[in-house]
2 protein chains.
Amino acid sequence: MTSAKVELFEENLQQAAGYFKALAHPARLAILKYLAESKVCISGDISNELPLSRTTVNQHLKELKNTGLIKGSIDGVKVNYCLNPAKVKELKQILGDFLNTVELPEKFNCRD
Amino acid sequence: MTSAKVELFEENLQQAAGYFKALAHPARLAILKYLAESKVCISGDISNELPLSRTTVNQHLKELKNTGLIKGSIDGVKVNYCLNPAKVKELKQILGDFLNTVELPEKFNCRD
DNA sequence: GTTTTATGACGTATTTTTACGTCCTAAAGC
DNA sequence: GCTTTAGGACGTAAAAATACGTCATAAAAC
């Protein structure tokens, strides 16, 4: 029984957790940062920027693509990967919403 | 090989990724939300709130404790877990900083 | 037309995460 | 005293994430 229990939680928590997960690896953060800075690029370029093999970078790219944060369009042999502005916006919205739910009261009655 | 390559990335990306990872499971989000709402509680209470066994919840609590987001203080047999306001604040700061680095330009030159 | 280059697809090893069950301990109740 | 209750410690099994290497393919370069 070590099945995924993720779906037993509230819908919005699942969604937020999914986005957090997508950002839970420095390689993926580096990719997003790189794409945001350079606007458009190919995945080969990206693997040169990272201390990981091309195949591993590709896997991270695929993951970001699955969450919808990036898009890749075929251009002959090369693939242009770039950010999906709509999804990035949604991501920010959802993560922001969650973080607001853990707003802290002025004084927190917890002994140290 | 398959060793952790996380430490090969920029310090700030590592840190951000670590926080994102801490939030990458709905159970942990639910715990944080619950703690934020109820101010103080014991871990037994929490496992009643979640669709997971006590031991599993305990593991998630331990993970949140390792990242410093929550604190647990011994009170006889019972343990009061609560948010660590300082760390939560840091988390928001760091995640916000990262998200700002992926700010999007007005028009993004990517064909669909 | 052959070689190079870029990239996806596939397979696989290792590590980490997720999820429990069981046992142990120590206070609280009876 | 004995029993219940609460929770930590430990072990383990299954799944997912991480990291590569190798192969296949198709355009580009020569």
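Throughout, protein chains are lettered first and strands after them, A, B, ... in sequence-line order, and every chain is numbered starting at 1.
The interatomic distance linking B:Ile46 (CD1) with D:dA6 (P) rounds to 14 Å, in whole Å. Computed from coordinates, the B:Arg28 CZ to C:dT16 C1' distance equals 12 Å when rounded to whole Å. Put simply, NZ on A:Lys62 is 12 Å from C1' on C:dG11, counting in whole angstrom units. The CG-C1' distance, from B:Asn80 to D:dG8, rounds to 16 Å in whole Å. Residue B:Leu50 contributes atom CG, which lies 15 Å from atom C1' of C:dC20 at whole-angstrom precision. Summarising the geometry, the separation between CG on A:Leu64 and P on D:dA17 is reported as 13 Å, rounded to the nearest angstrom. Protein atom CG of B:Leu61 is 16 Å distant from nucleotide atom P of D:dA6, rounded to whole Å. Atom CG in A:Asn58 sits about 15 Å away from atom C1' in C:dG11, given to the nearest Å.
Taking the salt bridge (charged side-chain N to carboxylate O under 4.0 Å, His left out) definition, one finds that B:Lys21 meets it with nothing, sequence neighbours left out. By the side-chain contact (heavy atoms from CB on, under 4.5 Å) test, A:Gln59 pairs with no residue at all, sequence neighbours left out. Taking A:Thr55 as the reference, A:Ser53 meet the side-chain contact (heavy atoms from CB on, under 4.5 Å) condition, with sequence neighbours excluded. Not a single salt bridge (charged side-chain N to carboxylate O under 4.0 Å, His left out) links A:Glu37 to another residue, sequence neighbours left out.
Ring geometry, B:Phe20 versus B:Phe98: the interplanar angle exceeds 60°, so the pair is classed perpendicular (tilted spans 30 to 60°).
Across all strands shown, B:Glu63 has heavy atoms under 4.0 Å from sugar-phosphate atoms exclusively, and none from any base.
Listed by first and then second residue, the salt bridge (charged side-chain N to carboxylate O under 4.0 Å, His left out) pairs involving residues 47-59 of chain A amount to none (not counting sequence neighbours). Applying the ring-ring contact (aromatic ring centres under 6.0 Å, His included) test to every pair with at least one member in residues 36-58 of chain A, sequence neighbours left out, gives no pairs at all. Listed by first and then second residue, the salt bridge (charged side-chain N to carboxylate O under 4.0 Å, His left out) pairs that reach into residues 24-33 of chain A are A:Arg28-A:Glu63, A:Lys33-B:Glu10, sequence neighbours excluded.
Between B:His25 and C:dA19 there is a side-chain N or O to OP1 or OP2 distance below 4.0 Å. Regarding contacts with the backbone of D:dA16, every side-chain N or O of A:Lys21 stays at 4.0 angstrom or more from both OP1 and OP2. Of the side-chain N and O atoms in A:Tyr81, one or more sit less than 4.0 angstrom from OP1 or OP2 of C:dG8. Contact check, B:His60 against C:dT17: no side-chain N or O comes under 4.0 Å of OP1 or OP2.
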Table of protein N/O atoms under 3.5 Å from nucleotides 21-25 of chain C N/O atoms:
residue : atom : partner : partner atom : Å
C:dG21  : N7   : B:Thr55 : OG1          : 3.3

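On a pure distance criterion of 3.5 Å, no polar donor-acceptor pair joins the side chain of A:Gln59 and the base of D:dA17.
Between A:Asp97 and A:Asn12, the closest side-chain pair of non-hydrogen atoms is not below 4.5 Å.
If one axis is set at each end of the helix from C:dG1-D:dC30 to C:dC30-D:dG1 from five pairs, those axes are 10° apart, to 10°.
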